Asker: 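Below you will find the structure I want to go over with you.
What you are looking at is a predicted structure, and each value in this text was computed from that prediction instead of being measured. Index from 1, following the sequence.
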Amino acid sequence: MPKMANEIRVAVVGAGAAGLCALRQLTSQGPSGSGDKLQFVVTCLEKSPRVGGTWYYTNCIGKDEYGLQVHSSMYKNLRTNLPVECMAFPDYPFPEDLPSFVRHKDVQKYLEDYTAHFNLSQYIKFLTIVKWIEPVVDETSQFKFKWAVTTCNVLNQAEEVTQIYEAVLVCNGHYATPKIPNIPGLETFTGQVLHSHDYRTPESFSNKVVVLLGAAASGQDISLELSHVAKVVYLSHHKPQLTTKLPKNLLQKPGIKLISESEVQFLDDSKVRADILLLCTGYYYDYDFLSPGCGIRVDDGRVTPIYQHLINTNYPTMAIVGVCKVIVPFPIFDVQVRYFRSILDGTCILPSKEEMDKHIDEDYRARLQEGLPHRYAHTMGDRQFTYINELADLAKTNRIPDFYSQLYHLTSAMKQKNLMEYKNANFVVDDSGRVKECTERTVV
Ligand code: FAD
């Protein structure tokens, strides 16, 4: 069908939380006065048969029923590490009868309800793998180039189709390609080695000696879960010691120096014999479907050149949503997408490429000067709320309510104080936007 003059065709890669939010925001009315005559014709390309992305839990590890690498890293007993009051998209709350910290199936249901509520399924092509994206010069087009997006159906991967779009939103997630660290002697380990991407249930750890490497969110959570069944769990990490109360059989150790058969030697030269080594060592950003022509580089946890951690400065009609880490993901996706929309509809005028690249460089250098390592290039933590507000203001759209920040900081403090208990808390946000802890609700 020929394209209308006022249409912008947008390809969205992935129907996880970020992709769904992109569909919702691009198919709704924009702020009045902006791009009124413009219409986004949006197609979401999703390789799995359902929405939800990482929240679409599977018992499967390795390859799925279609021969694809399993995408989700969810484990069976996971409860969220953020309360739903600050996980929710700003325009769609979680149901009120849920506790604040919910199970993965509740988040999956929430995303399915969001899809139904905003009638988003009509835009999604399921079982469709994005294989290749490249820019094509087109001097006649508004943006001087377009995107050639090549896909295939999961059930017939040899038959590829290429379609042209004016803009691309990359929403493929970054918790699917496990990072395996270089540990001297790892190949000699006689026990079982697995990455948290493949961790599902604790039963097979019963009565075992486990060394769990990495104390970020998953490492902390899984080590607590395993302490209920394992003989002992050694939580090996480079972070400052966790000062919270821990179970008696969960012991902290520094990083791993060396492995020799069943023996694991730590950096303080203490040694233990272990049955299982569980690597909670994070994931790589993986954009294997972006052609070199897109100009996106991934260098040890840093993605460049993306202005505002989002816009490809080589071709600003491409955005990579959700690159930031240590954030309230759904609200950030929401504002990032609204900002990208405002660029496409002309509400927000981007700075020049030189200025955008300079901004990226300044942001990166400021982090290094604070003593953060290179791989923290997209880690936000306390920075995130200034960042979200700045994007919302640039897009001339609503900021997210203040209680998101209140709750985020409250939860971080509670977690630091009492890792074992903090998920028992429940919160309500009163009419004036103040957060209160309440006790009534329980996990169902
Ligand atoms: P994903 O959910 O990963 O979705 C990406 C989608 O893209 C998938 O559906 C995938 O199939 C599709 N896709 C990828 N490549 C292609 C391709 N080439 N072609 C077609 N489709 C493709 N966040 C919270 O807010 N609270 C929590 O408590 C929390 N806990 C977490 C626990 C774990 C173990 C993990 C891994 C993450 C957790 N997160 C949590 C973060 C979570 O990743 C985000 O909340 C969010 O769901 C990420 O959404 P996304 O859309 O960016 O990516």
Side-chain angles (χ1 to χ4, degrees), residues 13 18 22 133-135 137 143-145 147 167-175 177 179 216 238 282-329 331-344 346-397 399 405:
V13 183
I133 300 184
E134 62 185 335
V137 175
F143 303 108
K144 305 292 175 218
F145 59 88
W147 295 101
V168 169
L169 273 151
V170 176
C171 303
N172 66 327
H174 53 85
Y175 295 108
T177 307
K179 192 190 276 182
H238 299 292
Y283 296 84
Y284 290 111
Y285 292 105
D286 190 351
Y287 307 110
D288 61 354
F289 50 82
L290 296 185
S291 75
C294 300
I296 293 294
R297 295 181 303 276
V298 180
D299 162 25
D300 190 22
R302 184 174 181 220
V303 185
T304 53
I306 46 170
Y307 175 62
Q308 299 284 13
H309 306 271
L310 180 69
I311 308 288
N312 179 350
T313 69
N314 298 310
Y315 298 101
T317 51
M318 171 181 278
I320 309 184
V321 181
V323 170
C324 299
K325 293 178 177 171
V326 191
I327 52 168
V328 287
I332 285 214
F333 300 161
D334 195 79
V335 179
Q336 287 187 326
V337 173
R338 283 188 273 144
Y339 173 62
F340 185 60
R341 178 191 167 122
S342 79
I343 293 164
L344 295 181
T347 307
C348 174
I349 308 294
L350 281 175
S352 67
K353 171 159 173 60
E354 290 68 31
E355 284 168 315
M356 290 193 282
D357 287 341
K358 187 163 167 261
H359 188 274
I360 294 172
D361 198 49
E362 283 168 358
D363 179 79
Y364 175 63
R365 282 182 195 291
R367 288 160 188 268
L368 295 186
Q369 260 167 14
E370 276 176 36
L372 295 173
H374 165 90
R375 65 177 192 284
Y376 278 48
H378 304 293
T379 300
M380 303 306 274
D382 285 347
R383 295 173 143 84
Q384 66 184 307
F385 297 101
T386 313
Y387 165 78
I388 307 184
N389 286 341
E390 187 184 333
L391 283 198
D393 292 352
L394 287 169
K396 301 187 177 63
T397 173
R399 291 182 170 194
S405 149

Asker: Starting at CH2 of Trp147, measure out to OG of Ser291 and round the result to the nearest 0.5 Å.
Answerer: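 OG of Ser291 is found 7.5 Å from CH2 of Trp147.
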Asker: Applying salt bridge (charged side-chain N to carboxylate O under 4.0 Å, His left out), can you list everything that pairs with Asp361, at least two apart in sequence or on another chain?
Answerer: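 Salt bridge (charged side-chain N to carboxylate O under 4.0 Å, His left out) list for Asp361, sorted by chain: Arg365.
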Asker: Supply the atom-to-atom distance Leu169 CG to Arg341 CZ, rounded to the nearest 0.5 angstrom.
Answerer: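 The CZ atom of Arg341 is 12.0 Å from CG of Leu169, to the nearest 0.5 Å.
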Asker: Look at the side chain of His359 and the backbone N and O of Tyr307, then say whether any donor-acceptor pair between them is shorter than 3.5 Å.
Answerer: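 The answer is no, because no donor-acceptor pair under 3.5 Å joins these two groups.
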Asker: Could you pull out all residues at least two apart from Thr379 that satisfy side chain to side chain donor-acceptor pair (under 3.5 Å)?
Answerer: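 Not a single residue meets the side chain to side chain donor-acceptor pair (under 3.5 Å) criterion with Thr379.
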Asker: Is a side-chain N or O of Arg375 found less than 3.5 angstrom from the main chain of Asp300, in a donor-acceptor match?
Answerer: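 Judged by distance alone, no pair lies under 3.5 Å.
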Asker: List the residues meeting salt bridge (charged side-chain N to carboxylate O under 4.0 Å, His left out) with Lys144, not counting sequence neighbours, and say none if there are none.
Answerer: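 Salt bridge (charged side-chain N to carboxylate O under 4.0 Å, His left out) check on Lys144 returns nothing, list empty.
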Asker: Mind listing the closest non-hydrogen atom pair of Cys324 and His309 along with its distance?
Answerer: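 Heavy atoms only, the tightest pair is SG-CB, 3.7 Å.
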Asker: Write down the atom of Pro373, the atom of Leu368, and the distance for their closest heavy-atom approach.
Answerer: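 Reported closest heavy-atom pair: C-CD2, 4.3 Å.
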Asker: Restricting to side chain to side chain donor-acceptor pair (under 3.5 Å), what partner residues turn up for Tyr175, sequence neighbours left out?
Answerer: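 Per chain and number, Tyr175 pairs via side chain to side chain donor-acceptor pair (under 3.5 Å) with no residue.
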Asker: Residues two or more places apart in sequence or in another chain: which of them pass side-chain contact (heavy atoms from CB on, under 4.5 Å) with Arg399?
Answerer: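 In terms of side-chain contact (heavy atoms from CB on, under 4.5 Å), with neighbours along the sequence ignored, Arg399 is linked to Asn389, Ala392, Asp393.
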Asker: Determine whether a donor-acceptor pair (N or O, by modelled atom type, separation under 3.5 Å) exists between the side chain of Thr313 and the backbone of Ile306.
Answerer: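 The answer is no, because no donor-acceptor pair under 3.5 Å joins these two groups.
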Asker: For Cys348 and Tyr339, which heavy atoms make the closest approach, and how far apart are they?
Answerer: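 What the structure gives for the nearest pair is SG-CE1, 3.8 Å.
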Asker: Calculate, to the nearest 0.5 Å, the distance between atoms CD1 and OG1 belonging to Ile360 and Thr304 respectively.
Answerer: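 The distance works out to 7.5 Å.
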Asker: Quick one: CE on Met318 to CG on Leu290, what's the gap to the nearest 0.5 Å?
Answerer: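 Separation between the atoms: 5.0 Å.
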Asker: Looking at every non-hydrogen atom in both residues, tell me the closest pair between Lys396 and Thr347 and how far apart they are.
Answerer: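 Distance-wise, the nearest heavy atoms are NZ-O, 3.4 Å.
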Asker: What pairs with Pro329 under side-chain contact (heavy atoms from CB on, under 4.5 Å), at least two apart in sequence or on another chain?
Answerer: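 Partners of Pro329 under the side-chain contact (heavy atoms from CB on, under 4.5 Å) test: Leu82, Ile327, Phe333.
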Asker: Looking at residues at least two apart in the chain, or sitting in another chain, which of them share a salt bridge (charged side-chain N to carboxylate O under 4.0 Å, His left out) with Asp299?
Answerer: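 Per chain and number, Asp299 pairs via salt bridge (charged side-chain N to carboxylate O under 4.0 Å, His left out) with no residue.
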Asker: Which residues pass the side chain to side chain donor-acceptor pair (under 3.5 Å) test with His374, sequence neighbours left out?
Answerer: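 Counting only residues at least two positions away or on another chain, His374 forms a side chain to side chain donor-acceptor pair (under 3.5 Å) with Tyr364.
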Asker: How about Glu134 and Tyr315: does a side-chain donor come under 3.5 Å of a side-chain acceptor?
Answerer: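 Distance-only check fails for Glu134 and Tyr315.
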Asker: What residues form a side chain to side chain donor-acceptor pair (under 3.5 Å) with Glu370, not counting sequence neighbours?
Answerer: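 Checked Glu370 against side chain to side chain donor-acceptor pair (under 3.5 Å); matches are Arg383.
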Asker: Does the pair Phe289 and Val170 meet the rule for a side-chain contact (heavy atoms from CB on, under 4.5 Å), with working shown?
Answerer: CA-CA 10 Å; Phe289 50 82; Val170 176; 3.9 Å; yes
Asker: List in chain and number order the residues that pass salt bridge (charged side-chain N to carboxylate O under 4.0 Å, His left out) with Asp382, two or more places apart in sequence or in another chain; answer none if no residue qualifies.
Answerer: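 Asp382 satisfies salt bridge (charged side-chain N to carboxylate O under 4.0 Å, His left out) with no residue once adjacent residues are dropped.
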Asker: Testing the basics here: between Pro316 and Met356, what is the closest heavy-atom pair and its distance to 0.1 Å?
Answerer: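 Reported closest heavy-atom pair: CG-CE, 4.4 Å.
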Asker: Working to the nearest 0.5 angstrom, can you tell me the gap between Phe143 CZ and Leu344 CG?
Answerer: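 Between atom CZ of Phe143 and atom CG of Leu344 there are 5.5 Å.
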Asker: Quick check on Tyr376: does its OH atom have over 12 non-hydrogen neighbours (other residues, nucleotides or ligands) under 6.0 Å away?
Answerer: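 Count not over threshold, so no.
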Asker: With side-chain contact (heavy atoms from CB on, under 4.5 Å) as the criterion, how do Asn312 and Val168 come out once you've worked through the C-alpha distance, each side chain's angles and the decisive distance to 0.1 Å?
Answerer: CA-CA 10 Å; Asn312 179 350; Val168 169; over 6 Å; no
Asker: For residues Phe340 and Thr317, report the shortest heavy-atom separation together with the two atoms involved.
Answerer: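 That would be CZ-O, 3.3 Å.
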Asker: According to the interplanar angle, ranging from 0 to 90°, do the rings of Tyr285 and His174 count as parallel (below 30°), tilted (30 to 60°) or perpendicular (above 60°)?
Answerer: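 Tilted, since the angle between the ring planes falls between 30° and 60°.
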Asker: Strictly by salt bridge (Lys or Arg N to Asp or Glu O under 4.0 Å), give each pair with a member in residues 347-360 just once, sequence neighbours left out.
Answerer: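 Matches after skipping sequence neighbours: Lys353-Asp357, Lys358-Glu362.
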Asker: Who pairs with Thr177 by side-chain contact (heavy atoms from CB on, under 4.5 Å), at least two apart in sequence or on another chain?
Answerer: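 So Thr177 forms a side-chain contact (heavy atoms from CB on, under 4.5 Å) with Tyr284, Asp286.
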Asker: To the nearest 0.5 Å, what is the distance between CZ on Arg297 and CG on Asn314?
Answerer: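 Spacing of CZ (Arg297) from CG (Asn314) equals 7.5 Å.
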